J.: 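Take this structure, written in C-alpha cells, and hold onto it; I'll ask about it next.
For clarity, every value in this text was computed on a predicted model and none was experimentally measured.
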Amino acid sequence: MSNELPVSNFIRHIIDTDLASGKRSAVQTRFPPEPNGYLHIGHAKAITVNFGLAQDYQGLCNLRMDDTNPEKEEDEYVQAIQDDVRWLGFDWSGETRFASDYFQQLYDYAEELIQTGKAFVCDLTPDEMRAYRGNFEVPGRESPYRARSVDENLDLFRRMKAGEFADGSKTLRLKIDMQSPNLNMRDPVIYRIKRAEHHRTGNDWCIYPMYDYTHCISDAIEGITHSLCTLEFEDHRPLYDWVLDNISIGNHPQQIEFSRLETLYVVTSKRKLKQLVDEQLVGGWDDPRMPTISGMRRRGYSPEGVRLFAQRAGVSKTPNVVDFSSLEGAVRETLEEASPRVMAVLDPIKVTLTNFDPATTGSRSAPFHPHHEEFGERLVPIARELYIERDDFAEVPPPKWQRLTPGGEVRLRYSYVIKCDDVVKDADGKVVELKCSIDPDTLGQNPVGRKVKGVIHWVSAEHAVEAEVRLYDRLFTEARPDAVRGDDGQYVDFKQFINADSLKVVTGYVEACVSDAAPETRYQFERLGYFVTDRYDHKAGGKPVFNRTVTLRDSWAKENG
RNA sequence: AGGGGAGUCGCCAAGUUGGUUAAGGCAUCGGAUUUUGAUUCCGACAUGCGAAGGUUCGAAUCCUUCUUCCCCUGCCA
C-alpha cells in the first residue's frame, strides 16, 4: 500500500460535506464493470478511486457486474475481473454482485411505473423511434402508443415477459419529456425484448432492462451512497435521479462524475483491445504489452506501482491524460525497494581473464539489495571466461565514457578491476572476444594510486544459466494511435501504428541463483532494469523465462540519444 | 431549441465563504554521495491562474463579455 497521503479532491469534499451535514452516516461505493472484456489501466484508476475512498472513510465498496446485455457478457470476463481486482490489492464487500441478481426487483419496479402511469409499452421500430426522438435542434414527438391505458400497458408488458412478442417488436419506455433538451429524457427505453442466453440467468428472461434504469436501482438496492462514474454519464444523471424519484425505493445514491484516465501510447477502448487480441497482433488479453491489468501483471508491474500511479493521477473533471512515464516511474519506485538484485548479460561478449588463477583468484559474496541487508546475499563466482554486455565495450569511446576500452580499466561489479589488453575480431571485424587481465589487489578494495570510475555487470560463462528474455517496448509508435487523421480527415486505422519492435526475444545469461525462482518473481538485473519470471512460461528449475518490466532510468543513454 | 461539462508550469493537480511570497507529484535541468551512469540527498523550475474589461485597500477566487476544448441524437454500458 502506498504511504502517500490522500490528496484533496472534489469528491472527498462532497463526502466530507455529506458526513458533516448528516446526509450520510457512512460511505458505500461500488465498482461496476460490464463483464464484456478485460479491465485496463483506466479501470485500475476507477478501482483505486472507489475502493480507496471506501478505505479512507472506513466504508465499503462492492463489486458489481453490470450484466444487462446478454449478447456481450461472458463468465470468462467475470472471472478475469475478479482476479484483476484482487491482484490490485482490493477486496470487495460481501459476494460479487450482479445486476442480473436484481432482474425480478427491476421487473417489479417496472410494473409499479406502469401502474402509476409513468411507463408505457411502445411498438415503434428502432427507425421510427429515432425519427420521433428528434435531435439536438429539433424537439421530439410523442409516441402514438404513449396514451395506452395502464391496464393495456400492464397486459402488454406481462406478455412481453411471457415471450409472446418477437425480439425488438416492443419496448417499455418511461414517460418523461419528449421536449427535453436532454435527449436521455425523451421517453427513454428501459426494457427491450431479446432472446439471448444470459450468462447467469440462462433463458429465464426474454426481456432485459437497460443500463440507465438498472444502474440507479442496483445502486439503491445495495445501499450505495456515492455512485462514481465517468464524465460521459453527466447527461444521464437527470435520468438516474428521475427513476429513483419515481419508484418506491428508500435509498437515493448520489451520482458523481469524474474524468477517466488516459495514458499516451496506448489504446484503452475495449473494442480496440479486443481487435488486437482477435487479429492476433498481440499474444492475448494478458500480453505484457497490453494496457490491461492482466497484461501489466504479466509484464511485472507491481500492484503497488499501478495504485501509486492511479493516486498520483488524481481525481478531477479535467481531461486526465497522463504521461506513460508516470506509470513507469511509479512502478520503478515500488520495485526499487522490493526487488533483489542479480546480474545478467543479455547481449554478451566473451571476456577471457588471461591471468585468472584458480588458486588465488577469489569470488565475493554480494548482497541482494544495496540498502536491505535482510534480503541476504549470494556468492558471485568468477572464472576464466566471462560474459559482459556488448554495450559496455567501445573501441572508440565517446566523451565521458566510463566503461571498457582497449587498454582501459573497469570494475567488474562485486569483483576485480580488469584491464582490456587485447581485442579479438572475426573476419567481418566484429569483436568476438576481449582478453583482459585482473588487478589482483582490487577485490573488495580500490586500486591504489588511480581511480577506476566505471563499474559493469558480468557473469561467469560456466556458472551462469541461459534464460529466455523478452524485451518489451511500447506497443504503439504514436502518442495517440487512435486519434491520427489522414489527408481525407478520417481517422487512420490505429493498428498502423503498432511498433514493430515492441517485442524482442533474446537468450541471456543470468546468475544461477534465479533457477529455482517461482513464476512472477521479480528481480532487478543490475544496470539493466526490472525483470519478472513469466507467469505462465517460466517453470522453477527449468530454463528461466524473464519478461522485462521496465528499464532503469538511464541518464547516460539520455545524454547520448 | 440545443443541452451538459472543462480551461491553474511540459503532464497531472491543490487552492473556490476574496487576504501575506499560487501546495504537491511526475518530467526536466544543475550539484553531492555511490563498486548499479541506478538509488539516495540537496538545489532550480508559474510577477502567473484561457482572454479582455470591471468591483475592491486587496481577485485564480466576485461580476460582465469573449474564447478554446470535450461529451450527448443505441432497443450498448
J.: So, A:R553 and A:E336, do they make that salt bridge, N to O below 4.0 Å?
T.: no

J.: Checking only heavy atoms, does the side chain of A:R403 share a donor-acceptor pair with the base of B:rG37 at less than 3.5 Å?
T.: yes

J.: Using atom C1' of each nucleotide, how far apart are B:rC12 and B:rC49 to the nearest Å?
T.: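 So the two C1' atoms sit 16 Å from each other.
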
J.: Which of these nucleotides, B:rG37, B:rC26, B:rA77, is closest to any side-chain atom of A:D66?
T.: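 The closest nucleotide is B:rA77.
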
J.: Taking only N and O in the side chain of A:T318, is any of them less than 4.0 Å away from OP1 or OP2 of B:rA13?
T.: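 Yes.
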
J.: In terms of heavy-atom contacts, does CZ of A:R148 have more than 12 from other residues, nucleotides or ligands at under 6.0 Å?
T.: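 Count over threshold, so yes.
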
J.: With RNA chain B as reference, determine whether A:A313 or A:L183 sits nearer its 5' end, using the nearest nucleotide of each.
T.: A:A313

J.: Pick the P atom in B:rU47 and in B:rC41, then give their distance to the nearest Å.
T.: 28 Å

J.: So does A:S316 get a side-chain nitrogen or oxygen closer than 4.0 Å to the phosphate oxygens (OP1/OP2) of B:rA6?
T.: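 Result: no.
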
J.: Any side-chain N or O of A:R413 under 4.0 Å from OP1/OP2 of B:rU36?
T.: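 The answer is yes; a side-chain N or O of A:R413 sits under 4.0 Å from OP1 or OP2.
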
J.: Ignoring backbone atoms, test whether A:K558 places a side-chain nitrogen or oxygen under 4.0 Å from the OP1 or OP2 oxygen of B:rU28.
T.: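 Yes, within the criterion.
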
J.: What is the pairing partner of B:rA6, taking Watson-Crick or G-U wobble pairs with both distances under 3.5 Å in any strand?
T.: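 Answer to the pairing question: B:rU68, which forms a Watson-Crick or G-U pair with B:rA6.
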
J.: Check this for me, if you would: do A:D101 and A:R200 make a salt bridge, where the nitrogen-to-carboxylate-oxygen distance has to be below 4.0 angstrom?
T.: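 Yes, A:D101 and A:R200 are salt-bridged.
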
J.: Is the ring centre of A:F136 under 5.5 Å from the base ring centre of B:rC72, and are the two planes under 30° apart, so that they stack?
T.: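 So yes, this residue stacks on that base, both cut-offs being met.
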
J.: Could you let me know what B:rG58 is paired to, Watson-Crick or G-U wobble, both distances under 3.5 Å, or none if it's on its own?
T.: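 Base partner found: none.
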
J.: Whole-Å distance between B:rC70 P and A:E232 CD?
T.: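 From A:E232 CD to B:rC70 P: 15 Å.
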
J.: Would you call A:Q254 and A:S227 a side-chain contact if the rule is heavy atoms closer than 4.5 Å?
T.: no

J.: With respect to the phosphate group of B:rA38, does any side-chain polar atom (N or O) of A:S555 fall under 4.0 Å of OP1 or OP2?
T.: yes

J.: Give a yes or no on whether a salt bridge exists between A:R413 and A:E526, defined as a side-chain N under 4.0 angstrom from a carboxylate O.
T.: yes

J.: Under a 3.5 Å cut-off for both contacts, is B:rG74 paired Watson-Crick or G-U wobble with anything, and if yes, with which nucleotide?
T.: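 Matched B:rG74 with nothing under the 3.5 Å cut-off.
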
J.: Is any side-chain N or O of A:K194 closer than 4.0 Å to OP1 or OP2 of B:rC76?
T.: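 Indeed, a polar side-chain atom of A:K194 lies that close.
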
J.: So, is A:R553 near the phosphate of B:rU28, with a side-chain N or O under 4.0 Å from OP1 or OP2?
T.: yes

J.: In the strands shown, is B:rA44 matched to any nucleotide by a Watson-Crick or G-U wobble pair with both distances under 3.5 Å, and which?
T.: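 Partner of B:rA44: B:rU28.
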
J.: Can you see if the side chain of A:R312 gets near the phosphate of B:rA27 - specifically, an N or O under 4.0 Å from OP1 or OP2?
T.: no

J.: Between A:E409 and A:R450, does any side-chain N to carboxylate O distance fall below 4.0 Å?
T.: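 Judged by the 4.0 Å cut-off on N to carboxylate O distance, A:E409 and A:R450 do form a salt bridge.
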
J.: For A:G314 and for A:E34, locate the closest nucleotide of RNA chain B by heavy-atom distance; then report the residue assigned to the nucleotide nearer the 5' terminus.
T.: A:G314

J.: I want to verify the glycosidic state of B:rG74; is it syn or anti under the 90° rule?
T.: syn

